[in-house]
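Okay, so here's the structure we're looking at.
Numbers here simply count residues along the sequence, with the first being 1. Only this structure's heavy atoms are used, side chains among them; waters, hydrogens and symmetry mates stay out.
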Amino acid sequence: MSNVRWSIVVPEETDRALRSFLAQRGTKKGGISRFVEEVVQSHLFELTVEGVKERIRLYDQNEILEAIDEALAAEWPRCVSC
């Protein structure tokens with residue numbers, strides 16, 4: 001996997017707070033990049049989950065559970081304990 005370089009702008013206070021936070025934990029070189037990557041991935045996951053929750057609000061919970069059961073049965077037809 002190759003890396004890409006980002007240029008981002010943050011307030012000086014944010015920069016100091018993050019550098020202080022990472023320094024207190026003994027973070028080595030590249031710590032800011034790893035921190036930003038983890039936060040971005042986490043936030044994207046949260047947004048994805050919220051999007052899915054929004055879409056499934058249109059359906060009755062029993063319909064969703066039935067669809068899951070059908071999908072599992074199709075995927076693992078020999079699953080007798082499911």
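- Taking CE from M1 and CG from N3, the interatomic distance works out to 5.5 Å, rounded to the nearest 0.5 Å.
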Item to complete: Carefully, step by step, assess R16 and E13 under the rule side chain to side chain contact (heavy atoms under 4.5 Å, CB included).
Response: CA-CA 5 Å; R16 273 188 267 134; E13 292 175 17; 4.2 Å; yes
Donor-acceptor contacts, no H, no angles, side chain residues 29-45, under 3.5 Å, sequence neighbours left out:
| from | atom 1 | to | atom 2 | distance (Å) |
| --- | --- | --- | --- | --- |
| R34 | NH2 | K29 | O | 3.2 |
| E37 | OE2 | Q41 | NE2 | 3.3 |

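- Between Q24 and S20, some side-chain heavy-atom pair lies under the 4.5 Å cut-off.
- Here CG of D69 is found 12.0 Å from CD1 of I64. Values are rounded to the nearest 0.5 Å.
- A distance of 11.0 Å separates CD of Q61 from CD of E66, quoted to the nearest 0.5 Å.
- Not counting sequence neighbours, R55 has no partner by the salt bridge (Lys or Arg N to Asp or Glu O under 4.0 Å) test.
- By the 6.0 Å and 45° rule, R25 stacks over the aromatic ring of F21.
- Considering only residues two or more places apart in sequence or on other chains, E54 meets the side chain to side chain donor-acceptor pair (under 3.5 Å) condition with R57.
- Hydrophobic clustering (side-chain heavy atoms under 4.5 Å, transitive across Ile, Leu, Val, Met, Phe, Trp, Tyr) keeps Y59 apart from V49.
- Side-chain heavy atoms closer than 4.5 Å link hydrophobic residues (I, L, V, M, F, W, Y) into clusters, and following such links, possibly through other members, connects L58 to I56.
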